[in-house]
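In what follows, a structure is listed as structure tokens, so that the remarks can point back to it.
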Amino acid sequence: MAGVQSPTPTGGPRLTLARQALAANPGAKNADRIEALQAQTEKTYARAVWNLILKSARERPEERPCARHTLRAVSPAW
């Protein structure tokens with residue numbers, strides 16, 4: 001069907017890494033997780049950034065398409 005885009009996951013690679021870190025060791029402290037997460041990325045991000053990413057990963061433990069892409073898939077005229 002022309003104009004329909006496949007849904008894309010939200011959050012990007014850092015959120016995916018955070019979700020994996022939470023699933024792998026649910027009892028760990030953020031400080032320990034952040035050290036491990038920083039070792040997995042090329043760029044070093046501030047701890048405050050990682051804390052926000054981990055918070056988002058806790059709030060949304062599964063990847064799902066964002067509403068914008070879902071609407072576009074349902075309404076190709078947009």
Heavy-atom donor-acceptor pair, [X] side chain to [Y] backbone, under 3.5 Å:
X   : Y   : value
R33 : A28 : yes
Q40 : L17 : no
R14 : Y45 : no

Check your understanding: Mind checking whether L37 and I53 have side chains closer than 4.5 Å, heavy atoms only?
Key -> no

Review point. Side chains of W50 and T44: does their closest heavy-atom pair fall under 4.5 Å?
Key: no

Review point. How many angstroms lie between CZ in R19 and CD in E62, if you round to the nearest 0.5 Å?
Key: 8.5 Å

Study note, to complete from the structure: Minimal heavy-atom distance between L54 and L22, with the atoms involved, is O-CD1, 3.9 Å

Study note, to complete from the structure: For A24 and P26 the tightest heavy-atom approach is C-CD, 3.8 Å

Practice item. Mind running side-chain contact (heavy atoms from CB on, under 4.5 Å) on E35 and R47 for me, showing each step along the way? Key: CA-CA 9 Å; E35 285 184 38; R47 288 185 171 276; 3.8 Å; yes

Check your understanding: If you group Ile, Leu, Val, Met, Phe, Trp and Tyr by side-chain heavy-atom gaps below 4.5 Å, do L15 and V49 land in one group?
Key -> yes

